[in-house]
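Everything numeric in this text was worked out from a predicted model, so none of it was measured. Letters go in sequence order (proteins before strands), and every chain restarts at 1.
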Amino acid sequence: MTDYNILKLTSINIINITFAKIEFQDNDMAYNFKDIESKWQKRWADNQTFKAKQKTDFEGEPKPPFYVLDMFPYPSGAGLHVGHPLGYIASDIYARYKRHKGFNVLHPQGYDSFGLPAEQYAIQTGQHPAKTTEVNIKRYREQLDKIGFSFDWSREVRTSDPNYYKWTQWIFIQLFNSYYCLDSQQARSIDELISVFTEEGNSKINAACDDDVTEFSAEEWLNYSENQQQEILLKYRLTYLAETEVNWCPQLGTVLANDEIVNGVSERGGYLVVRKKMKQWSMRISAYAERLLSGLEKLDWTDSLKESQRNWIGKSVGAQLKFEIQNSKHIIETFTTRPDTIFGVSFLTLAPEHELVMEITTPEQKSVVEDYIKTSAKRSERERMADVKNITGVFTGAFAKHPLSKEPIPIWIGDYVLAGYGTGAVMAVPCGDQRDYDFAKHFNIPIPNVFENIDISENAHADKTQTIIANSDFLNGLNVKDAISKAIEALEEIDAGKAKINYRLRDAVFSRQRYWGEPFPVYYKNGLPKMIEEKHLPLKLPEINEYLPTEDGAPPLGRATNWAWDSEKNEVVSNDLIDDKTVFPLELNTMPGWAGSSWYMFRYMETENRKDNFASKEALEYWQNVDLYLGGSEHATGHLLYSRFWTKFLKDRGYLNVDEPFKKLINQGMILGESAFVYRVEWHYIGENWGEVSEEDESEIPRKSEFPNLYVSRALFSEMGRYVKNYKESSLKSVQIISEKIDSLEKELKIFERPGKTKISRSLSLAITPVHVNVSFVNTSNELDIEGFKNWRPEFSEAEFILDNGKLYDADSSPLGKPDGAFTVSREVEKMSKSKYNVVNPDDICEEYGADSLRLYEMFLGPIDQAKPWNTAGLSGVFNFLKKLWKLYHQDEVFSISEEKASKESLKTLHKTIRKVTEDIENFSFNTSVSTFMICVNELTQQKCNNREILEPLAILIAPYAPHIAEELWEKMGHKNSISTAEYPVFEEKFLKEDTKTYPVSFNGKMRFTLDLSLDLSKEEVEKIVMADERTQKQLEGQKPKKVIVVPGKIVNIVK
RNA sequence: GCUCGGAUGGUGGAAUUGGUAGACACGUUGGACUUAAAAUCCAAUGACCAUUGCGGUCGUGCGGGUUCAAGUCCCGCUCCGAGUACCA
């Protein structure tokens, strides 16, 4: 009885099933999912059953296309856990359903195979990420294949494949060669812009560009040097180089995501992180803000998702104001949505990183300002946004001039203002904004009130609807709306401001200082970027010896020795040849994860012609865009916004004919794991004198690792709690046992027998700490397989256990399963992850119960979009259901169905099911359709139905959910073609006609009894019958009802 | 902090969109079959009270409200989860 765990337990079941099969060998008809599933998976692959057709593949009239796509998986080293396939199963069901409905379905799959985890692994192990990625993909594919998806694998793509990223680079070049024309609201060729510059300069150009563009004439343009012209063009291009704030970690030599920073230091290694500016590629997504926003309206996405995007884009209508600075030629620009409160401004706050801060700071304030900037550079943006409790800031000593009242306004800096947000400066109106209000209160800055009859002694007043402006000169007495337009008018007149629409959406940083991503097709001539010609793509990722940044802080590609571009030979050459005349250095950054995933949905549309096109015109024309997209809501503002941006761009430049990539989108919720915990008892030792542990004492005090770990079960933990004080005096039996055990351990280790040494003693309290246990050592009754646990990791090998019954575990006398021998763990729902040891692998489920059971169970768990915990024990429900379904088609284990006409009852059951399941599938309510199937099979079993008339359509209905069993039954019923080609059954109302209704009769809204009545009865007749019923009379106890409500076909309610 | 979700029996969840709360499963308990176990089948199962039977009270995170009728609508909270711009 060693090595005895839950998996072993169930494999005994499997053996039993196999025996059963042997027993019935002459009729071999038990539901043998293993044979059935591998048979059909092989047949689908051999016959390419799910290969989507291109339009030209049809001989006659082409079928209507339908495109179902899952969000691009990243092939992580951990493999799939049961949470991953949830969305794939749902989309597979929908894809299969659509095939039954007569569509030519495109349902492809591939890999977003560039990414940080592979690179991190490469840094640790030295293995090339391409290799580990390949291994991971193979494993992924094996796992996916076992679940029986109807993917068209012939169209697979991988972002790290040069044949694929060639086109990612190509799109980058198109972006570089484009600018955004605000008049026509679309991207255009940069050549058009150049010809305008040549003819009339830039004064009339209305294009998206950097803020610091200055005006020039045609003459000036022509006189600029090549370099100057390129610098100017870079300010207009849709992808451009710019100084951007990043989280820089000097020790790691790399930039970190906010995600990778914990409490201001790097998650890995705990090194200091500072914010610094860095020259990087950016994407001018902000140019598309308005279209990204308005485009949402026609999309069939959930409101919450659209709302997230709206919020992310963050459109606000207001005014941009200019504040002159006293004794300085500079001005500060601010954006406000409330220009009506302009007379309420009592200070300005700049972000600490604002470029003017050091210029305007007075000598007296210089050192405090510098200190403050240093401190805030250490805080992450997220931290600064989230922290409202600590109000910090310093005065710069400078004053601005109020544009209207001309009063001096102090200029502060504060880290609640973010540099990358708006202009990085806030005109603070403390009476109308809570953060400004708190800041003013904290630093004793005046809070002028500009609202009529509003008390602002406690809080700011942000209301815009009922408010009247006061103390504001010419704005007095106006409502907010009128005051806004009047204020803007006045400010425009004196050139101190103008109406402006602001978006929160920032341009997206596109450079990564990493190895495992797409190389930019870019080299640098005189420090300015040049594109490699399209015909020389792809520019392949070079080999390097180590995947770390270089010693001088350059990205990993800085290690490549062959990473220079020969512009004459048009090839990559050795760095030694760089002469800056014909051979130039190549870009060292690579593209981010979202580069390859922003356009992949169009790549799947193409089959033959992938070499010369990202996708051919014909393919794009036929498939258009994704009809149904499924994935996690964590992509709401990243991937889903970037791919919309690229789609719109490619449409503008004539490469696509749709301007949205995903018509309908469903978010799947996360499947959570049930972690298991045991409880470690911890005690410690102290030297003779409290608080004065000498070094010598320290070395004498026994370390925890010298003892075998002592574990208690959940039962004992709930009795004792996290801490046990004065445990020697505890009356709890379990504590006494622990105490005895510790005593005996000490004796064995001779802790206190150290003659001549400092006296040490054990502390009086115990701490009980939960420790994650791998869930595979826990059975469905939450009992721990102690031997398995001990063998799991070396630190547990000597562990001791106190069982639920308070006795010490002994391998010989108290094995799992014997009465009284249980050691119960506690369970907690957490995210499913390797580190929490709560991962459940779909392979194991397929092995034990089969893919059809897995598919059904994942759907049965609950609504697709909600997070829900996984519990393997529940699987037996759907497994039993499949066995019952199988039995419907068999008599005494022999396949047998009747050709006779089905009963009225059975037809009713069938058509009820058709209606409900179809409705559910259209609404993506897969959990309820599984229930419906269960009800249907329960009813048909009850009816002893085995008519072909019922069982054939039933198999088709169930095929999208449990395709293997459905195919097998379909074949047994005599069909040669795959069930996936069968037509979906048609619902017929006539079988469901009811003429009576069981009315619930309620009194004051509480149901008391039911009454079967004909549906033909009128309201009055129903009331009459109900009132005559003796149960009604009993409820009324002789009183007259105040009111009787009859809703025909629904309810009766009597008000007493 | 901000934005978006969520909360219903021991557990996962259902409820035709304001009309019988707890469908369908899991689990638990009891029973049948068996030498026994597994498998299978049958029955009970929100809590409490009552019980020979009829039955009754409470109940959808908390506090209010609207209504003949509220899990569902309105107002105010609490707690949990996700995202928050270089994880994918």
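Residue A:Q434 is out of contact with every strand shown, counting any heavy-atom pair closer than 4.0 Å. Among the atoms of the strands shown, none is found under 4.0 Å from any heavy atom of A:P73. Residue A:W312 is classed as a base contact, given a heavy-atom separation below 4.0 Å to a base. Among the atoms of the strands shown, only primed sugar atoms or phosphate atoms (P, OP1, OP2) are found under 4.0 Å from some heavy atom of A:V1055. Counting any heavy atom pair closer than 4.0 Å across all strands shown, A:L505 reaches a base atom. Among the atoms of the strands shown, only primed sugar atoms or phosphate atoms (P, OP1, OP2) are found under 4.0 Å from some heavy atom of A:G115.
Following rounding to the nearest Å, A:N667 (CG) and B:G83 (P) show an atom-to-atom distance of 12 Å. Between A:F520 atom CZ and B:C86 atom P the separation is 13 Å, expressed in whole Å. In this structure, A:F879 places its CZ atom 11 Å from C1' of B:A39, rounding to the nearest Å. When rounded to the nearest whole Å, the span between CD of A:Q866 and P of B:G13 equals 6 Å. In this structure, CZ of A:R310 is placed 18 Å from C1' of B:C2, rounded to the nearest angstrom. At whole-Å resolution of the value, CG in A:N1004 and P in B:U67 are 15 Å apart. Rounded to whole angstrom, the span from the CG atom of A:L256 across to the C1' atom of B:C86 amounts to 8 Å. The distance between atom CG of A:D507 and atom P of B:C86, rounded to the nearest whole Å, is 12 Å.
Comparing B:A88, B:G83, B:C87 by their closest approach to the side chain of A:A257 singles out B:C87. Listed candidates were B:C4, B:A88, B:C86. Nearest to the side chain of A:E307 is B:C4.
A sub-4.0 Å separation between OP1 or OP2 of B:U57 and a side-chain N or O of A:R1008 is present. Between A:K883 and the phosphate of B:U40, there is a side-chain N or O to OP1/OP2 separation shorter than 4.0 Å.
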Mind running salt bridge (Lys or Arg N to Asp or Glu O under 4.0 Å) on A:E245 and A:R275 for me, showing each step along the way? CA-CA 6 Å; A:E245 284 245 342; A:R275 299 186 56 73; 3.0 Å; yes
In B/S/- notation (B base, S sugar-phosphate only, - none; protein heavy atoms under 4.0 Å), nucleotides 18-29 of chain B written 5' to 3' is -BBS-BBSS---
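Distance check on atom C1': B:G76 versus B:C24 gives 36 Å, rounded to whole Å. Rounded to whole Å, the separation between the P atoms of B:U11 and B:A47 comes to 11 Å. One C1' atom belongs to B:A14, the other to B:G22, and the distance between them is 7 Å to the nearest Å. Between the P atoms of B:C75 and B:G81, the separation comes to 26 Å (whole Å). Atom name C1', nucleotides B:U72 and B:U20: the rounded distance is 15 Å, in whole Å. Comparing B:G27 with B:C79, their C1' atoms sit 27 Å apart, to the nearest whole Å. To the nearest whole angstrom, the two C1' atoms, one in B:A82 and one in B:C87, are 14 Å apart. B:G71 and B:G64: their P atoms are spaced 15 Å apart (whole Å).
For the pair A:N667 (side chain) and A:G631 (backbone), a donor-acceptor distance under 3.5 Å is present. Checking side-chain atoms of A:Y999 against main-chain N and O of A:L1013 turns up no donor-acceptor pair under 3.5 Å. Without hydrogens or angle criteria, A:K868 side chain to A:P863 main chain gives a donor-acceptor distance under 3.5 Å.
Other residues, nucleotides and ligands contribute at most 12 non-hydrogen atoms within 6.0 Å of the CD atom of A:E1030.
Between A:W516 and A:F114, the ring planes lie perpendicular to each other; the angle is over 60°, past the 30° to 60° tilted range.
Looking only at atom types and distance, the side chain of A:D438 has a donor-acceptor partner in the side chain of A:Q434 under 3.5 Å away. No side-chain donor from either of A:N1053 and A:S1002 sits under 3.5 Å from a side-chain acceptor of the other. Checking A:Q513 against A:N589 by side-chain atom types alone, a donor-acceptor pair falls below 3.5 Å. Side-chain N/O atoms of A:Y74 and A:N136 include no donor and acceptor closer than 3.5 Å. Remark: the A:T928 side chain and the A:D920 side chain contain an N/O donor-acceptor pair separated by less than 3.5 Å.
The ring of A:F72 has its center no closer than 6.0 angstrom to the ring center of A:W594.
When each of A:S304 and A:G638 is assigned the nucleotide of RNA chain B bearing its nearest heavy atom, the one mapping closer to the 5' terminus is A:S304. Position along RNA chain B of the nearest nucleotide to A:R506 versus A:P869 favours A:P869 as the more 5'-ward residue.
In B:U11 the O4'-C1'-N dihedral to the base is more than 90° from 0, which defines an anti nucleotide. Base orientation of B:G53: anti (glycosidic angle beyond 90° from 0).
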Just the dot-bracket of RNA chain B, please: which string comes out with Watson-Crick or G-U pairs under 3.5 Å, [ ] for crossing, | for another strand? (((((((..(((......[....)))((((((.......))))))((((.....))))..(((((..]....))))))))))))....
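Side-chain atoms of A:Q120 and base atoms of B:C87 include no donor and acceptor less than 3.5 Å apart.
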